[in-house]
Structure formats: structure tokens, C-alpha cells
Amino acid sequence: MPELPEVEIVVRCLDRLIKGRTVQTAELRRKLLAPNFSKRSFAAKLKSSLVNFVHRRGKHILFDLDTGRTLIAHLRMSGRFMILSADEADPKFTHAVFYLDGDERLVFQDQRHFGFMNIVDTGKLFETKELACLAPEPFSDEFSVDYFRDLLRASKRNIKQLLLDQTKVCGVGNIYASEAMFIARVNPLRIAGDISGKKKIALHSAIREVMNETLLLGKNIRLDRQNIGGGIYGSNVESEWRIYGREGEPCPFCSKPIARIVQGTRSTFLCSKCQR
DNA sequence: ACCCTCACCTGCACGC
DNA sequence: TGCGTGCAGGTGAGGG
């Protein structure tokens, strides 16, 4: 269920755990996980691949392989990676298995079956369908105040749905959208172009702020091979949200009960007094 | 170009 | 206990 910071933390853990290791064989257990491949071709493409490093673009996890290929993986809502040893059984909903050197294997598990994988030539990585249209990374120089201001100015969409559009702002998901708009005191229903200049700047900085909070937590994360990077979402962070999931609780600034609305089938949480 | 709704799946928490 | 409902941190497709 991760957004960009959680994916970033998963990626750092994966990199530490499998950089320099070899995928001897790979098994695609659920065909639809990698719709571009048959089970046979998936295995063939990944056989005997050394993992140079693991990185990411947006919420996509990228395994850079020494064969000139990159394995792209997206966790969507419920995907997880774990490393298991020979005496540990596959969990329910195991959709792909990568047998490493030694007796260990990297397992991709996904209860809701929304995740997906693809294998592409590394030279054309950023031209692939998954990555070609993504907006600049939120911590890059390219994602500048000017970029953000121009983006909002040109848009007639409501700001919440604009923030979730990965081709416009990359890495923000449903939680961070609510959190950032709350910090910047922006009403989620407001047309992006109508937001004041001051609030545009505040929102730009709030997006980085909320993501950075989680990234900092990730610095001290314990490596958990059974749930790679997973310690960061779930229990401990949940209590930290300012507004997300807190319908009916008092706003921390003005005590008005926090509201929940639905935008495009997804929940948004807000304080209608503080966010005008 | 945009908005809306549905779709993909399973599991969990809730109220009756 | 069981069953129905609504919800879940993502995204794509199809129709208007």
C-alpha cells in the first residue's frame, strides 16, 4: 500500500539485501503479474542475472541486472517482497519467486493481485510505458516551485485529483495528498488554478515535508527479510497522520471535527474550517 | 483534456 | 456465529 517514501524505503532495503547477488532462476506463478510474458519467457529473461543495484522511479521498483535488462515491479496496494530460506514455506498469494545464490529466494507476495512486473531493456528503461509519462521526482530540482506553480495555474481540475495524477506530480498517494493539503491549508475541492500563489508555494513545500518525515523514519529501519521495508507502513506511522483516517476527531488547530469526503471514489480527509 | 464509474482481488472491521 | 456492507496507502480502461 505504499506511496513514494515507503517505496523508497523498500528499495533501500532491497538494495542492501540483494545487490551483487544472482537470480539463478525465476518463477512466474501468476501469469497476470507480468502480462507481457509467458511463464516460460519470464523465466528465460531472468535466468542467471546478477543484480547490479535496486533503484526506483516514482512508485516503480527497478532491479538493474547485468544482462542489460531491468525488472520493473509495482507493489500497488498490497505487494510485498520478502527473502525466505529453503526451510520456509511460500506465503499465501505468492506470485513470483526469484531463486538466489545460496539457499535463499526473493518472493513477491500480493494479496490483492494488483501488483505487476515487466522486464525491459535497461537502455530504453525510461522510454517504457510505465515510466515515460511520469512527472519529475518530487525531490529533484526539476520539481521546482516554478514547475508546480505553472502546473497548478494551467489546471482546471480539483487539486486533490491533480496531486494523485502521477504524470503531473509523481509519488503522492491518497494519504500524503490529504496530509499535504492540510498542512498548506488548501481545500481539496478547490480548482488547482484558483489557488493563491502563496498557497501554491506552501503546498509545494508541504508535499516534500510529509514525504520527508517518512523518509527520515526509514533511516533507522531494521532490515526485516520477511517484510522488506514493511515496518515503515502499518503500525508505527499510522498514528502520525495529522488528518488521514481521523474522521470525526478534532482538528489539531481549530478543534472542528475532521471531515471525510469522497473524490473520484477515494477518501479525502480535511478540516473545512482551516482549509478554505 | 477532463470527470466519473467500474474494474482488478482479498481481508478486515463493523453493525445487525 | 454468520452475513451483509463498506473500507483499504494504486492505477488503467471506457464512456460521457
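Reminder, nothing fancy here: chain letters follow the sequence lines and each chain counts from 1. Worth saying up front: this structure is predicted, and the values here are computed from it rather than measured.
- Regarding contacts with the backbone of C/dG10, every side-chain N or O of A/His74 stays at 4.0 angstrom or more from both OP1 and OP2.
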Using a cutoff of under 3.5 Å, can you pull out all pairs of nitrogen or oxygen atoms linking the protein to nucleotides 11-15 of chain B, with atom names and distances?
unit_1, atom_1, unit_2, atom_2, d
B/dG11, OP1, A/Lys92, NZ, 2.9
B/dG11, O4', A/Gln111, OE1, 3.3

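- Put simply, A/Phe114 does not rest on the base of C/dT11: the two rings are not both less than 5.5 Å apart at their centres and under 30° in tilt.
- The side chain of A/Gln166 places no N or O atom within less than 4.0 Å of a non-bridging phosphate oxygen (OP1 or OP2) of C/dG12.
- The side chain of A/Lys129 contributes no N or O atom lying less than 4.0 Å from OP1 or OP2 of C/dG12.
- Ring geometry, A/Phe148 versus A/His204: the interplanar angle falls from 30° to 60°, so the pair is classed tilted.
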Quiz item: Which dot-bracket string fits DNA chain B when only Watson-Crick or G-U wobble pairs with both atom distances under 3.5 Å count, crossing pairs get [ ], and | stands for a partner on a different strand?
Solution: .|||||||.|||||||
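- Within 4.0 Å (heavy atoms only), A/Asp110 reaches no atom of the nucleic acid at all.
- Between A/Arg266 and C/dT11 there is no side-chain N or O to OP1 or OP2 distance below 4.0 Å.
- Using bins of under 30°, 30° to 60° and over 60° for the plane-to-plane angle, the ring pair A/Phe108/A/His95 lands in the tilted bin.
- Salt-bridge formation is not detected for the pair A/Asp194/A/Arg190: no Lys NZ or Arg NE/NH1/NH2 atom is positioned less than 4.0 Å from an Asp or Glu carboxylate oxygen.
- Contact annotation: A/Arg157 side-chain N/O to B/dC3 OP1/OP2 distance is under 4.0 Å.
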